[in-house]
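Reviewing the structure listed below.
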Amino acid sequence: MDAATFVITALSDQITAFEQAVTRMKTRLAAMPAHERQQIEHASTLLRRARAASHHTLLPLTTTDPPQSPS
């Protein structure tokens, strides 16, 4: 892959930051009392269902013919 070094570095840093955030979230979730953790898991399930059921309105896409050059 011929990507500039700064691009690879930036993407790698973003991946590392996301991994660290996931680790922190999992640690905090594991430290919660069981009833709070269960409430969060239930809320997450409801959100996933709502997102899956929602119909996203897409922007209308129109095509135009390129201008014809005079012959």
Side-chain angles (χ1 to χ4, degrees):
M1 183 190 304
D2 270 346
T5 303
F6 75 92
V7 173
I8 302 295
T9 301
L11 292 174
S12 296
D13 290 347
Q14 283 184 346
I15 291 168
T16 300
F18 280 117
E19 289 172 340
Q20 290 170 347
V22 169
T23 300
R24 280 192 307 273
M25 284 185 226
K26 286 182 176 181
T27 301
R28 290 178 182 169
L29 192 59
M32 286 182 170
H35 71 280
E36 286 183 18
R37 190 169 48 250
Q38 186 178 22
Q39 288 176 337
I40 290 174
E41 289 171 1
H42 180 66
S44 296
T45 300
L46 293 177
L47 282 172
R48 282 190 210 99
R49 286 182 190 161
R51 287 179 184 150
S54 70
H55 298 284
H56 300 287
T57 304
L58 300 176
L59 295 175
L61 297 177
T62 57
T63 59
T64 59
D65 293 326
Q68 301 294 323
S69 53
S71 303

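Distance OG/Ser54 to CZ/Arg51: 9.0 Å, rounded to 0.5 Å.
The side-chain contact (heavy atoms from CB on, under 4.5 Å) check on Thr45 picks up Arg48, Arg49, with sequence neighbours excluded. Not a single side-chain contact (heavy atoms from CB on, under 4.5 Å) links Pro60 to another residue, sequence neighbours left out.
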Counting only pairs under 3.5 Å, give me each side-chain donor-acceptor contact of residues 5-25, with atom names and distances, residues two or more places apart or in other chains.
| from | atom 1 | to | atom 2 | distance (Å) |
| --- | --- | --- | --- | --- |
| Thr9 | OG1 | Thr5 | O | 2.9 |
| Ser12 | OG | Ile8 | O | 2.9 |
| Thr16 | OG1 | Ser12 | O | 3.0 |
| Thr23 | OG1 | Glu19 | O | 2.9 |

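Under a 4.5 Å side-chain heavy-atom cut-off, the cluster of Ile, Leu, Val, Met, Phe, Trp and Tyr residues that includes Ile40 is completed by Leu29, Met32. Leu46 belongs to no hydrophobic cluster with other residues, because no ILVMFWY side-chain heavy atom falls under 4.5 Å from its own, directly or through intermediates.
In His42, the NE2 atom is not crowded: 12 or fewer heavy atoms of neighbouring residues, nucleotides or ligands sit closer than 6.0 Å. Within a 6.0 Å sphere centred on CD of Gln38, heavy atoms belonging to other residues, nucleotides or ligands number 12 at most.
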